Undergrad: 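I'd like to ask some things about the structure below.
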Number of protein chains: 2
Amino acid sequence: MTNASAMLTALGDPTRQSIIDALSREPLAVGELARVLPISRPAVSQHLKVLKDVGLVLDRQEGTRRLYRVDPDALAQVREHLDGFWARSLTAFAQRTRSEEENDDQDDPGDPS
Amino acid sequence: MTNASAMLTALGDPTRQSIIDALSREPLAVGELARVLPISRPAVSQHLKVLKDVGLVLDRQEGTRRLYRVDPDALAQVREHLDGFWARSLTAFAQRTRSEEENDDQDDPGDPS
DNA sequence: ACGAACCGTAAGCTACCACTTACCGTTGCT
DNA sequence: AGCAACGGTAAGTGGTAGCTTACGGTTCGT
């Protein structure tokens with residue numbers, strides 16, 4: 001499992017999507033996230049651990065608080081991974097269209113001109 | 001929950017990621033997918049239902065078989081959704097850098113004009 | 001009409017995931 | 001030193017996601 005797909009898997013949880021959404025606007029401490037989200041503070045901590053393990057968020061000690069923020073480079077990696085799927089699906093579609101045109105030629109082998 | 005985040009959630013399962021990966025290269029029938037993947041054919045069917053419900057894949061009856069393919073537009077939606085996170089995190093970072101500079105100014109409250 | 005190939009769905013089970021409460025360590029302030 | 005605020009982690013629980021087997025429906029060939 002590549003790192004990008006691991007990040008994609010980590011993003012599969014709606015709560016973690018909300019966390020990323022909030023952290024993308026501004027860095028937040030765990031307690032601040034817990035106040036916004038409908039879950040307890042330990043639950044937020046556990047989600048943050050998952051996100052940090054795959055590299056989607058970074059943390060920094062700020063006095064007694066711990067500030068979390070998203071890593072834009074990691075997010076870019078996931079985006080490029082999806083971009084790969086997208087590009088392949090497009091070229092596959094283009095090739096399929098060409099094959100159909102060739103099949104049309106085969107179905108009616110007469111000269112179209 | 002927007003449609004893009006629902007698609008992102010559906011992409012959270014590694015098996016579904018493999019299915020998207022395979023289908024992005026070429027359209028496949030359910031049985032063909034089951035032969036490639038390490039799970040049974042009904043399991044593939046269930047995953048395909050999830051992917052189809054969120055609009056990530058399209059299906060087409062081809063004789064007795066049912067061909068599935070990825071919808072490039074749907075994939076583009078997810079990519080743009082991630083792009084939103086990415087862009088916000090970048091601007092947030094830029095603004096934070098600016099605030100730090102302003103703080104430097106505040107440390108020395110001389111008139112900037 | 002019969003058989004074969006293909007697929008969706010129901011039923012059931014297991015494992016894991018997300019959540020909570022409880023506890024403990026750390027940091028900073030007075 | 002003592003207190004308060006903050007946060008990570010262990011332990012335990014409920015729900016559900018993902019898988020399998022079994023069954024039924026549809027389409028094509030003979």
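Only heavy atoms go into these numbers, but all of them, side chains included; no hydrogens, no water, no symmetry mates. Quick caveat: nothing in here was measured; it's all calculated off a predicted structure. Each chain gets a letter, A, B and so on, in the order the sequences are listed, and its residues count up from 1.
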Undergrad: Look at the side chain of A:R35 and decide which nucleotide, out of C:dT9, C:dC7, D:dC6, has an atom nearest to it.
TA: D:dC6

Undergrad: Under the 3.5 angstrom rule, does the side chain of B:E32 hit a backbone N or O of B:A29 as a donor-acceptor pair?
TA: yes

Undergrad: Sequence neighbours left out, what passes ring pair (Phe, Tyr, Trp, His ring centres under 6.0 Å) with A:F85? Give chain and number order.
TA: A:H81

Undergrad: Check salt bridge (Lys or Arg N to Asp or Glu O under 4.0 Å) between B:D73 and all other residues, then give those that pass, not counting sequence neighbours.
TA: none

Undergrad: Rounded to whole Å, please give me the gap between CZ in A:R60 and P in D:dC6.
TA: 17 Å

Undergrad: For a quick test of reading the model: is some side-chain N or O of B:R16 closer than 4.0 Å to OP1 or OP2 of D:dG18?
TA: yes

Undergrad: Specify the residues of residues 23-31 of chain A, ordered by number, for which at least one heavy atom lies under 4.0 angstrom from an atom of DNA chain C.
TA: none

Undergrad: Would you mind reading off the distance between B:L51 atom CG and D:dA17 atom C1', rounded to a whole angstrom?
TA: 14 Å

Undergrad: Run through B:L11, B:D21, B:L56, B:L51 and flag the one making a side chain to side chain contact (heavy atoms under 4.5 Å, CB included) with B:R16.
TA: B:L51

Undergrad: Report the distance from atom CZ of A:R66 to atom P of C:dG25, rounded to the nearest whole Å.
TA: 17 Å

Undergrad: Using OP1 and OP2 only, check whether a side-chain N or O of B:Y68 sits under 4.0 Å from C:dC6.
TA: no

Undergrad: Between the axis at one end of the helix from C:dA1-D:dT30 to C:dT30-D:dA1 and the axis at the other (five pairs apiece), what's the angle to 10 degrees?
TA: 30°

Undergrad: Can you tell me how far C1' of C:dG8 sits from CG of B:L48, to the nearest Å?
TA: 11 Å

Undergrad: Could you write nucleotides 19-30 of chain D as a row of B, S and -, 5' to 3', where a protein heavy atom under 4.0 Å of any base atom gives B, of only sugar-phosphate atoms gives S, and otherwise -?
TA: BBBB----SS--

Undergrad: For B:R41, what residues pass the salt bridge (Lys or Arg N to Asp or Glu O under 4.0 Å) criterion, not counting sequence neighbours?
TA: none

Undergrad: Just how far, in rounded Å, is P of C:dC7 from CD of B:E32?
TA: 7 Å

